[in-house]
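Inspection log for the structure reproduced underneath, given as structure tokens.
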Protein chains: 2
Amino acid sequence: MPTIKDVAAKAGVSTATVSRVINGEKVREETKEKVIKTIKLLGYRPNQIARSLKTQKTHTIGFVVPDYGQFFMQIAKVVEDILNGYGYSLVVCYSDENPDREKARIRMLTEKQVDGMLVVPTSDEDNYIMELNKRGIPVILIDRMVKDIQTDCVLVDNVNGAYQAVEHLITKGYQRIGVINGRQEVTTGEERYRGYLRVFEDYNLPIDRDIIRFGDFSTESGYTLMKELMSLQNPPEAVFIANCYMTIGAMLAIKEMDIKVPEDVAIVGFDDTELTRLSDPPLTAVVQPVREIGEMAANLLYKRICGDMSDYPKMYRLKATLVVRASTDPGWKADIIEKKGA
Amino acid sequence: MPTIKDVAAKAGVSTATVSRVINGEKVREETKEKVIKTIKLLGYRPNQIARSLKTQKTHTIGFVVPDYGQFFMQIAKVVEDILNGYGYSLVVCYSDENPDREKARIRMLTEKQVDGMLVVPTSDEDNYIMELNKRGIPVILIDRMVKDIQTDCVLVDNVNGAYQAVEHLITKGYQRIGVINGRQEVTTGEERYRGYLRVFEDYNLPIDRDIIRFGDFSTESGYTLMKELMSLQNPPEAVFIANCYMTIGAMLAIKEMDIKVPEDVAIVGFDDTELTRLSDPPLTAVVQPVREIGEMAANLLYKRICGDMSDYPKMYRLKATLVVRASTDPGWKADIIEKKGA
DNA sequence: CTGAAAGCGCTAACAC
DNA sequence: GTGTTAGCGCTTTCAG
């Protein structure tokens, strides 16, 4: 690998000049051409490590997701595209919904000197986040909030999303509406539960604790809890499930128990995947604006990296949409193919 | 941020000593303790960039996947876990099945000076791969091979996988068996097609070009081609679909056309996802040993990074397994829950 | 407009 | 066992 020195020597200029050419600074046209030619000739590529050491910039940004499932990876994809466009590359790593692991990953990213970070926090406490901000590393929270912390974040209105889901069920005439909640230590989980409760309040309906369950967002928990619910003496007529993995688990349970949807129990899930459309029956679901989430987050982060803190702390609250399908509507029929978003 | 110099000064030793302590080299116990105490006191963290500049090692490895779908992300997860264990971190990026983009990502990783790379090539030609190897950057090919190239790779026996699938169909008594192939410029696509053809040869059955289609691995192509097939005057009785995204597309088409599986047409797909189990009906599929693929690849790469080239070039060929479900067997009934692998 | 030179923070000979 | 010192490859004053 040739270095800037080799280029300088071969071109008969100083390393400073070569550096200037590389960085697009003012250099006499003639000199510039000579340098560029030599660079090509030697196949020279600037050493990013050396450059980073000097400039304190790595042009890398980190993204910590709880898991590598569709929802977060779709976001990762749009984030990566946008950031690539700005000349940054993305390091994605997963926390496994585990605050300790999350902290470890963030620490790793910090040591790698990323210029900024996107994180989906696995807990609503603990604020190493502010520490990063203090250290001058911009961080954008995605999807979930951390309490008592003022920082940039891109969120979805989960209360409203859940509300729509449950209200739809009520409108459809379902009475005993159960819920499989996600992790309450995380704002999405808590907010969706809140949305569920609020419908009952607004409609002045009684709440039955028996059919309210708490899972951990995993497929397994969805499976177990759905089995529990449907084994009740008086099982729910409809169930709202607070995320996509639990919905998958719940559907597996239903399949296994030979229960008819929506005749025996209506289902409304959260998040949209191919599965929602292909499952038997296709699922009514609250769908989140994945592309927008990614765009807002990537652009906001870029703005911060560029030093523009003008509207800090900025909070985006995007709206989710209810998509009705057969799992809450026996008469439903797919007439148009819904295109794959990813 | 304190530097090694600050620590040295405060502890009253030389930077060399501090460095030795950090790197676990022999230092008098007394001195070591003093240094460690100062490190803690100052909250010192070694600057990885500086270290990399000096040692020429970044302790980072790159992974280029065609997409962020379940199959590759499951592999990424096991790879990341293993590599993390060895003190390496993983940068995953996607090529979008596009050779140019792939080249760009590999170039980016090279400039980031990764210590090694895992790549799922998007084409069976073009060998910048060897260039990397020559440059001393170990590369392991995953899932797909590059022709005329001798290098480490972890593959699945696709010919055999497809063979099992189609043979199963024949055993079940299906006669007109169609296929939706993947990209033939990629070894998995080509091999699976080869497996399909070989069954016909072995069983001395006629091949009908009409029901052989070529997609590009995408959901869209699966959708379109399945529609084409089923709109034929004489549609196939069974279809083998060469990857999971196309299977999804095909199932969407089937749903839309109101075709019964397996009564009107039997389906066997490739790769296992929750969808295979939840779709209507659950899908017979060739499942690849995801965990093993990741383990073999990560460990082999680590070995290479450590300078052990003993068995180079090593080629692993793992076996795929056929899992039979209702899409080829009307009598099938799920009795045990198949646990989520990821 | 260009060059000389001083580091960025760390490691690794090489001395002592 | 520990210190001195010369870089790793680049950017960036500061002179000229």
Side-chain angles (χ1 to χ4, degrees), chain A residues 1-39 42-60 87 108 110-115 135-137, chain B residues 1-39 41-60 87 108 110-115 135-137 307:
Chain A
M1 279 285 86
T3 75
I4 200 172
K5 245 184 192 159
D6 301 321
V7 177
K10 191 103 183 176
V13 297
S14 73
T15 60
T17 302
V18 178
S19 173
R20 286 185 188 111
V21 172
I22 294 168
N23 294 296
E25 284 164 45
K26 271 231 92 40
V27 170
R28 187 151 49 95
E29 197 52 43
E30 211 178 300
T31 332
K32 185 196 269 180
E33 267 171 34
K34 191 169 51 184
V35 172
I36 291 180
K37 203 169 293 171
T38 332
I39 287 180
L42 267 45
Y44 166 74
R45 314 256 85 226
N47 180 322
Q48 298 303 330
I49 308 263
R51 186 183 285 204
S52 292
L53 179 58
K54 189 66 191 175
T55 62
Q56 310 279 27
K57 311 225 146 300
T58 53
H59 281 263
T60 301
M108 177 222 94
T110 313
E111 303 202 327
K112 277 216 150 23
Q113 241 105 289
V114 294
D115 294 341
R135 278 227 223 165
I137 306 177
Chain B
M1 280 282 87
T3 76
I4 202 172
K5 245 184 193 158
D6 301 322
V7 177
K10 191 103 182 176
V13 298
S14 75
T15 60
T17 302
V18 178
S19 173
R20 286 183 189 111
V21 172
I22 294 169
N23 295 295
E25 284 164 46
K26 271 233 91 43
V27 170
R28 184 150 49 94
E29 197 53 42
E30 211 178 300
T31 332
K32 186 197 267 180
E33 267 170 33
K34 190 169 51 180
V35 172
I36 290 181
K37 201 169 294 172
T38 335
I39 286 180
L41 184 68
L42 266 45
Y44 166 75
R45 314 257 83 226
N47 180 324
Q48 299 302 330
I49 308 263
R51 184 182 285 202
S52 292
L53 180 57
K54 187 68 191 178
T55 61
Q56 309 278 30
K57 313 226 143 300
T58 53
H59 280 261
T60 301
M108 177 220 95
T110 313
E111 302 202 326
K112 278 217 150 25
Q113 243 107 288
V114 294
D115 294 342
R135 277 226 223 167
I137 307 177

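Naming convention: chains lettered A, B, ... in sequence-line order (proteins, then strands); numbering from 1 in each chain. Small disclaimer: the values here were computed from a predicted structure and weren't measured.
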Measuring from B:Thr55:OG1 to B:Asp115:CG, what's the distance to the nearest 0.5 Å?
8.0 Å
Whole angstrom is fine here: how far is it from NZ in A:Lys57 over to P in D:dG9?
23 Å
Donor-acceptor pair present, B:Arg45 side chain and C:dG9 base, under 3.5 Å
no
Of the options C:dT11, D:dG1, D:dT11, whose atoms approach the side-chain atoms of B:Thr31 most closely?
D:dG1
Length of the CG-C1' vector between B:Leu53 and C:dC8, whole Å:
9 Å
CE/B:Met1 to CG/B:Leu42 distance, rounded to the nearest 0.5 angstrom?
9.5 Å
Under 3.5 Å, is there a donor-acceptor pair between the A:Lys112 and B:Thr60 side chains?
yes
With nearest nucleotides of DNA chain D determined for B:Gln56 and B:Val13 from heavy-atom distances, which residue corresponds to the more 5′ nucleotide?
B:Val13
Please give, in whole Å, the distance from D:dG9 P to A:Leu42 CG?
14 Å
When you check the phosphate oxygens OP1 and OP2 of C:dT2, does a side-chain N or O of A:Arg28 lie under 4.0 Å from one of them?
yes
Heavy-atom nearest nucleotide on DNA chain D for B:Thr55 versus B:Ser14: which residue maps closer to 5'?
B:Ser14
Which whole-number value in Å describes the distance from B:Ile4 CD1 to D:dG3 P?
12 Å
So if I take every side-chain heavy atom of A:Tyr44 and compare against C:dA5, D:dC10, C:dT2, which nucleotide ends up nearest?
D:dC10
Is atom NZ of B:Lys34 surrounded by more than 12 heavy atoms (other residues, nucleotides or ligands) closer than 6.0 Å?
yes
Can you tell me how far C1' of D:dC10 sits from CD1 of A:Ile22, to the nearest Å?
8 Å
Pairwise distance CD1(B:Ile49) to CD1(A:Ile49) - rounded to 0.5 angstrom
6.0 Å
Of the nucleotides D:dC10, C:dC10, D:dT5, which has the atom closest to the B:Pro46 side chain?
C:dC10
Whole Å only: how far is the CD atom of A:Glu25 from the P atom of D:dT13?
10 Å
Which part of the nucleic acid does A:Ser19 contact within heavy-atom distance under 4.0 Å: base, sugar-phosphate only, or nothing?
base
Using five pairs at either end of the helix from C:dC1-D:dG16 to C:dC16-D:dG1, determine the angle between the two local helix axes and round it to 10 degrees.
40°
Proximity to the side chain of B:Arg51 - top-ranked nucleotide from C:dT11, C:dA5, D:dC8:
C:dT11
Ignoring hydrogens and angles, are the base of C:dG7 and the side chain of A:Lys54 linked by a donor-acceptor pair under 3.5 Å?
yes
Taking all heavy atoms of A:Gln113 and all of A:Thr58, pick out the closest pair and write down the distance.
O-OG1, 2.7 Å
Check: B:Gln48 main-chain N/O paired with B:Ser52 side-chain donor or acceptor under 3.5 Å:
yes
Protein-nucleotide distance (A:Lys5, atom NZ; C:dG3, atom P), rounded to Å:
16 Å
Test applied, side-chain contact (heavy atoms from CB on, under 4.5 Å); reference residue, B:Pro46; option that passes from B:Asn23, B:Ile4, B:Ile22:
B:Ile22
Just to be sure I understand the rule, does A:Val27 reach a base, reach only the sugar-phosphate, or reach nothing, if contact means heavy atoms closer than 4.0 Å?
sugar-phosphate
Send over the distance from B:Arg20 CZ to D:dG3 C1', rounded to a whole Å.
8 Å
Under 4.0 Å between a side-chain N/O of A:Asn23 and OP1 or OP2 of D:dT11, yes or no?
yes
